[in-house]
Amino acid sequence: MTAERPHLAVIGAGPAGLAATLAAARHGVRVTLVDAAPEAGGQFYRQPARALGARRPEALHHEWRTWERLRDGLRTHQQQGSVTHLTDHHVWLVERRSGGFTVHALLGPEQTEPAEVRADAVVLATGGYEKVLPFPGWTLPGVVTAGGAQAILKSTLSVGGRTAVVAGTGPLLLPVATGLAAAGVRVAALVESADPRDLVRRSRVLSAQPAKLAEGARYAAQLARHRVRTLVHHTVVAAHGTERLEAVTVAALDRSGRVRPGTERRIACDTLAVGHGMLPHTDLAQGLGCRIDGVAVHVDDEQRTDVPGVWAAGEATGIGGAALSLAEGHIAGRSIAARLRGVEPDPDEWAGAARARTALRRFFATLDEVCAPPAHWAEQVSDDTVVCRCEEVTGGAIREAVAGLGAGDQRTVKLLTRAGMGWCQGRMCGSAVAGLVGCPETPARRPFAHPVPLGVLARAGDAPEADVWPFTSVPCHTPPQKGSR
């Protein structure tokens, strides 16, 4: 423990990280909030660049008042000195050391200058990333992920085209389509692969969250006002164009999730925003040795991982949206504040957040079942479709590794084809490779959560003991100094 108040490092300044930071700071914990973005808020509360001078940034958000409370709370605790907010810090490793943890980060847009944060405990609020499933033409300019389209709109107040199709499955498609339409883009179609009958069959669970249903109804009303055509139980079959996207082909699905022959239709567009759900960011948790259940970090009722001193909250523990992230972050912060003082936490202190967490987890687990990608999506991946963009590995090469060389899992396919060996380390193509192989999707364990210059590795651990200590990076060609690890 430090000589002063206990010190907590929170990684990620989205809803979960902000909630954990404020809850811990209110109860006597010094907090360093570490985030890669230039502003707090995460993807959900992403803000326009200040240079744009946006007069009404709230127009691109809902739950704006919640964001204002989080933002104002963060500012208050910064002024009081109980919270330090480190922006543009890209965390690549969290290291356990005797008496605490060291968070290793890279500074700034170029990510070459290292920094370290020493803390008694850590909250992993690292969020999630989009699941990308390939199809013929998906690498054309003009094809972006649904979250990518939303991020561009929120941060730059601009869009990449005049006519868009929003496709895939999941609740993210609704705010993306309505946001694009409100920005003046003609949304030619919203293409959702889920079957509405599955929603009806699970109406009892879904109706237990009337606020979420009302939110969906508001989006539906906005789509109707902008005359956006909605095609349910449909999927994108292919994207077309020479130098960039010019049109997409969509088709209806049968009950088994296969394309129904003869239902194909071509829709002209210059932007395709496509998404098939999200996956938790677990790299830092895996580096610490935390237990992973399926694809998410395992936590107990206090949001503790099985590694002492490490909590996790938000999308890293399972995809569930901002409201669930806020509840989990609040519970984590309250639990940490008690345990760092050597006090057994009282769950009654966060009983409301715990009830919300239980209800929202059930709601999103049900929605995740309904909005799963079409069961036979891999049949639409032709042999010449690029699956791994980094290494330019095609669907045919992956199928040959399975059928001709006996590969039965992602790792073996990676060794045989290099799929997943590129810059993204399988984050983009991992789901697709697993689907083509027919094996369960498992997060790959990577030594680092982010690419790191060799010079930084040579100097790692040489910084003097301090809570926050930036130091100058060593050029990558410089040999390790004496005593470095």
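Residues: numbered from 1 along the sequence shown.
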So is Lys154 actually on top of Phe44's ring, under 6.0 Å and inside 45° of the axis?
-> yes
Whether Phe448 and Trp92 hold their rings parallel, tilted or perpendicular, with breakpoints at 30° and 60° = perpendicular
CA sep, side-chain torsions, deciding dist, call: Lys414, Glu391, salt bridge (charged side-chain N to carboxylate O under 4.0 Å, His left out) | CA-CA 10 Å; Lys414 179 178 180 179; Glu391 296 293 326; over 6 Å; no
Does the side chain of [X] pick up a donor-acceptor pair with the side chain of [Y] at under 3.5 Å?
X	Y	answer
Arg46	Gln150	no
Asp293	His298	yes
His85	Gln78	no
Thr102	Glu116	no
Ser82	His77	yes
Ser335	Trp311	yes

Does the [X] side chain pair with the main chain of [Y], one donor and one acceptor, at a distance under 3.5 Å?
X	Y	result
Trp377	Gly435	no
Thr317	Ala313	no
Gln303	Ala312	yes
Thr126	His281	yes

Using a 6.0 Å cut-off, check whether atom [atom1] of [X] has over 12 heavy atoms from anything other than its own residue.
X	atom1	value
Arg355	CZ	no
Glu369	CD	yes
Asp301	CG	no

Does a salt bridge link [X] with [Y], judged by any charged N lying under 4.0 Å from a carboxylate O?
X	Y	value
Asp283	Arg427	yes
Glu344	Arg339	yes
Arg334	Glu302	no

Looking only at heavy atoms, which two atoms of [X] and [Y] are closest? And how far apart?
X	Y	value
Ala37	Thr87	O-CB, 3.4 Å
Phe101	Pro308	CZ-O, 3.4 Å
Val381	Pro134	CG2-O, 3.5 Å
Val413	Ala407	CG2-CB, 3.7 Å
Thr417	Ala401	CG2-CB, 3.8 Å
Leu8	Ala24	CD2-CB, 3.8 Å

Can you check whether Ile292 reaches Val295 side chain to side chain, under 4.5 Å on heavy atoms?
-> no
Rounded distance (nearest 0.5 Å) linking atom CG of Leu279 with atom OG of Ser431 | 4.5 Å
Look up atom CG in Leu93 and atom CG in Leu288, then write down how far apart they are to the nearest 0.5 Å.
-> 7.5 Å
What's the verdict on side-chain hydrogen bond (donor to acceptor under 3.5 Å, both in side chains) for Gln209 and Arg362, showing C-alpha distance, side-chain angles and the deciding distance?
-> CA-CA 10 Å; Gln209 291 293 315; Arg362 187 182 182 196; over 6 Å; no
Pair Lys212-Glu215, salt bridge (charged side-chain N to carboxylate O under 4.0 Å, His left out): steps then yes or no = CA-CA 5 Å; Lys212 287 295 179 185; Glu215 181 183 323; 3.8 Å; yes
Taking Val31 as the fixed residue, which of Ile336, Val123, Thr84, Val83 is the one that meets the side chain to side chain contact (heavy atoms under 4.5 Å, CB included) rule?
-> Val83
